[in-house]
2 protein chains.
Amino acid sequence: MSGATQIFAIRDFNRFYTARLGLLRKRHLDGEFSLTEGRMLYEIWANPRLTASNLRGVLGLDAGYISRLLASLTKRKLVRQAVSKADSRERLLSLTQAGEKKMAALNRQSEQQIEELLQGLNGEERERLVASLGVVRSLLTAQKSSEVQIERLSEVTGEVLDLLQEYYEAVGVMVRDTPESVREIVDDPDAGVWIATLNGKIVGCAYLHSLPSMPGATECKRLYVRPSARGKGVAHALLDAQEAFAKGRGFKRIYLDSKDDLRVAIGLYQRRGFVACERYNDNPQATVFLMKEIAETPKKALRRS
Amino acid sequence: MSGATQIFAIRDFNRFYTARLGLLRKRHLDGEFSLTEGRMLYEIWANPRLTASNLRGVLGLDAGYISRLLASLTKRKLVRQAVSKADSRERLLSLTQAGEKKMAALNRQSEQQIEELLQGLNGEERERLVASLGVVRSLLTAQKSSEVQIERLSEVTGEVLDLLQEYYEAVGVMVRDTPESVREIVDDPDAGVWIATLNGKIVGCAYLHSLPSMPGATECKRLYVRPSARGKGVAHALLDAQEAFAKGRGFKRIYLDSKDDLRVAIGLYQRRGFVACERYNDNPQATVFLMKEIAETPKKALRRS
DNA sequence: TGAAAATAGTTGCTTTAAGCAACTATATAT
DNA sequence: ATATATAGTTGCTTAAAGCAACTATTTTCA
């Protein structure tokens with residue numbers, strides 16, 4: 001297929017898909033929230049510790065407009081704004097209980113629309129649809145922003161501890177690592193702490209440490225990316241680095257756990273080839289357990305899957 | 001993959017793709033035309049004999065707003081409005097020469113953006129992208145609107161001749177069929193004229209007639225769908241009926257020709273499996289020649305392609 | 001260290017996009 | 001022949017979003 005034909009096909013698909021999305025949105029318009037308010041609620045729901053200026057970046061809207069919309073949502077008791085301790089100019093956004101409830105309703109509604117869209121597709125066709133969307137997405141995401149730098153720490157810095165602190169608060173982690181335990185991981189040649197920097201500033205981190213009870217397995221923990229740096233492939237870059245390291249050390253599988261409400265994160269893991277597995281630890285907060293084979297698999301075995 | 005996970009994946013993709021499209025549009029915003037004006041120009045360009053109320057349907061906008069935008073584009077000498085002979089309430093829209101020129105510029109710009117989007121994908125990846133988009137589209141288009149009825153004519157009616165007249169004018173056909181020649185096709189057991197009706201009204205037609213010089217081959221001609229009925233799968237339904245007929249009569253291949261500026265139509269043919277072939281007639285207006293194998297092909301042969 | 005520059009957010013004002021409703025003119029149905 | 005529907009226009013209004021000027025912090029760097 002020639003280049004011009006490809007470009008035509010893509011434009012044509014874009015028109016087609018825009019029309020389809022438009023249909024979904026038209027019906028979404030049942031009163032209470034404008035489309036943009038809905039997107040804002042979603043982003044706040046999905047990204048703990050989001051700020052107004054993060055929203056500006058994600059939604060691509062004017063700061064003044066966002067300010068007003070946030071003020072309105074706050075007055076309606078759906079959103080809370082807490083002055084950040086680290087930087088008292090910014091307000092950390094979160095949903096109130098009422099906001100969570102509305103969001104759940106919106107999500108249900110939206111899911112129902114997708115369900116309607118899938119009406120008339122059988123199981124096999126749905127699988128194919130999801131798989132094709134996955135291919136499209138991974139191809140279009142491939143171009144990593146080269147400003148993201150990944151580094152395996154050789155010593156524990158205050159910056160990392162601050163970032164971890166942020167992670168604990170964002171995700172609501174109960175059992176926190178002590179600086180000593182972090183240092184232990186840093187010093188372990190079969191484990192490590194990776195950090196991601198964007199334009200020189202630290203924006204993300206993740207551990208890798210082996211699971212003594214499971215030979216050949218290593219676990220990824222504390223994977224976190226600051227809200228302001230989301231959508232730039234930072235998590236992917238961190239996982240890439242960890243997978244390369246784990247392969248180099250001869251590990252066969254990477255495990256990780258998560259919470260079922262962290263759907264964006266779980267979606268990301270799944271796109272990278274992580275699949276559900278049995279509970280492998282006794283972390284009471286974890287409800288989702290995922291595993292990825294990283295050993296080179298013979299092609300025949302791959303085909304079979 | 002569970003149903004809930006699938007739905008999540010689709011919603012997630014929609015957000016991702018919306019963001020990508022948003023980026024494209026932001027940059028499109030360089031002055032002269034609003035997004036909606038651009039879409040209007042595109043539709044007028046792509047659909048001869050479009051009317052304001054067709055646009056209402058396609059773009060999903062208020063009639064008053066469309067009226068105003070059209071008035072503006074007309075004042076700017078980009079669009080022409082001709083009172084329809086058949087119904088003097090409606091105005092047939094077309095681009096002026098200046099409008100065509102602007103449209104060409106817009107298309108170039110848009111193509112360049114897609115080209116940028118593809119930056120960093122190699123040839124094989126691009127093929128995969130286009131193929132996946134095709135799968136998505138065909139899956140989501142599968143649900144045909146059941147109101148479309150297809151019928152193989154047993155006699156020539158005035159309605160069909162009117163529709164053909166419309167086709168000639170829309171596409172700018174030089175050599176027109178006489179009523180006698182149409183009747184000949186209708187009466188030929190190995191050929192035929194198909195019409196599509198939507199809620200009882202005729203909205204589309206197409207011929208099929210054999211090519212004496214090419215045994216096993218039949219040609220599709222005069223495939224036309226009224227602008228007001230586009231996007232409802234009418235053309236697909238007509239082609240489905242023709243392909244079934246052709247298979248039943250033992251034909252192995254369907255040919256058709258087109259003009260390279262009828263890109264929407266050509267895109268549709270390609271999605272159905274038509275591939276470029278050599279010029280097979282001496283129609284001076286045709287610049288694109290397509291062919292589809294309709295005989296059941298052994299799977300091995302399919303794989304190889 | 002302290003002034004200048006940058007960043008986060010707010011507020012008044014304006015622009016733009018788009019809808020609604022009432023209207024004219026023509027066409028279709030009973 | 002009259003009622004009803006359709007295509008399009010025009011006046012008025014609303015909603016969405018941007019711009020610019022402003023305050024309060026924080027960061028930079030000479």
Side-chain angles (χ1 to χ4, degrees), chain A residues 22 25-26 28-40 44 49-75 79-93 159 162 198-202 226-229, chain B residues 22 25-26 28-40 44 49-75 79-93 159 162 198-202 226-229:
Chain A
R25 281 181 192 159
K26 275 280 141 72
H28 170 288
L29 195 59
D30 51 343
E32 190 157 3
F33 302 110
S34 77
L35 179 63
T36 306
E37 281 177 327
R39 294 214 293 157
M40 264 178 56
I44 297 170
R49 302 177 65 86
L50 208 70
T51 66
S53 81
N54 296 160
L55 272 178
R56 220 193 95 262
V58 176
L59 304 180
L61 295 170
D62 169 74
Y65 185 46
I66 288 185
S67 173
R68 257 181 270 270
L69 286 183
L70 279 176
S72 152
L73 290 173
T74 307
K75 195 150 81 186
V79 166
R80 228 184 337 247
Q81 305 192 26
V83 174
S84 161
K85 272 148 215 153
D87 182 338
S88 65
R89 288 171 307 178
E90 48 185 25
R91 280 97 230 265
L92 305 179
L93 303 171
E159 270 183 324
D162 289 350
L198 192 63
N199 307 322
K201 280 179 207 143
I202 185 167
R226 288 220 158 106
S228 58
Chain B
R25 281 182 193 157
K26 275 278 139 72
H28 169 286
L29 196 60
D30 50 342
E32 189 156 5
F33 302 111
S34 76
L35 179 62
T36 306
E37 283 177 327
R39 294 215 291 157
M40 265 178 55
I44 297 171
R49 302 179 64 89
L50 208 69
T51 67
S53 81
N54 296 160
L55 273 177
R56 221 193 94 262
V58 177
L59 304 180
L61 294 169
D62 170 74
Y65 185 45
I66 288 185
S67 172
R68 257 180 270 271
L69 286 183
L70 279 176
S72 152
L73 289 174
T74 306
K75 194 150 80 188
V79 167
R80 228 185 335 247
Q81 305 191 26
V83 174
S84 160
K85 271 148 214 151
D87 181 340
S88 65
R89 289 172 307 178
E90 48 185 27
R91 278 98 232 266
L92 305 179
L93 304 171
E159 270 183 324
D162 288 350
L198 191 64
N199 306 322
K201 279 178 208 144
I202 185 166
R226 286 221 160 104
S228 58

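As a basis for the values below, the full set of heavy atoms in this structure was taken, side chains included, without hydrogen atoms, waters or symmetry mates. Please read these numbers as outputs of a predicted model, since none were measured by experiment. Letters A, B, ... mirror the listed sequences (proteins, then strands); counts begin at 1.
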>> Taking atom types as they are modelled, would you say the side chain of Arg68(B) forms a donor-acceptor pair with the base of dG8(D) within the 3.5 Å cutoff?
In response: no
Measure [atom1]/[X] against [atom2]/[N] and give the value in whole Å, please.
X         : N       : atom1 : atom2 : answer
Leu35(A)  : dA17(C) : CG    : C1'   : 14 Å
Leu69(A)  : dA15(D) : CG    : P     : 13 Å
Gln81(B)  : dG8(D)  : CD    : P     : 8 Å
Leu92(A)  : dG9(C)  : CG    : P     : 9 Å
Phe33(A)  : dA16(D) : CZ    : C1'   : 17 Å
Lys201(B) : dA27(C) : NZ    : P     : 15 Å
Leu70(A)  : dG9(C)  : CG    : C1'   : 10 Å

Calculate, to the nearest 0.5 Å, the distance between atoms [atom1] and [atom2] belonging to [X] and [Y] respectively.
X        : Y        : atom1 : atom2 : value
Leu92(A) : Leu50(A) : CG    : CG    : 9.0 Å
Arg56(B) : Ser67(B) : CZ    : OG    : 12.5 Å
Met40(A) : Leu59(A) : CE    : CG    : 7.5 Å

>> Testing the 3.5 Å rule here: is there a donor-acceptor pair between the side chains of Glu90(B) and Thr51(B)?
In response: no
> Any side-chain N or O of Ser88(B) less than 4.0 Å from the OP1 or OP2 oxygen of dA25(C)?
Replying inline: no
>> So does Leu70(B) get a backbone contact from the side chain of Thr74(B), meaning a donor-acceptor N/O pair under 3.5 Å?
In response: yes
> Any side-chain heavy-atom pair from Leu55(B) and Arg39(B) closer than 4.5 angstrom?
Replying inline: no
Tabulated below should be each protein N or O lying under 3.5 Å from an N or O of nucleotides 6-8 of chain C; please produce it.
| unit_1 | atom_1 | unit_2 | atom_2 | d |
| --- | --- | --- | --- | --- |
| dT7(C) | O2 | Arg89(A) | NH1 | 2.4 |

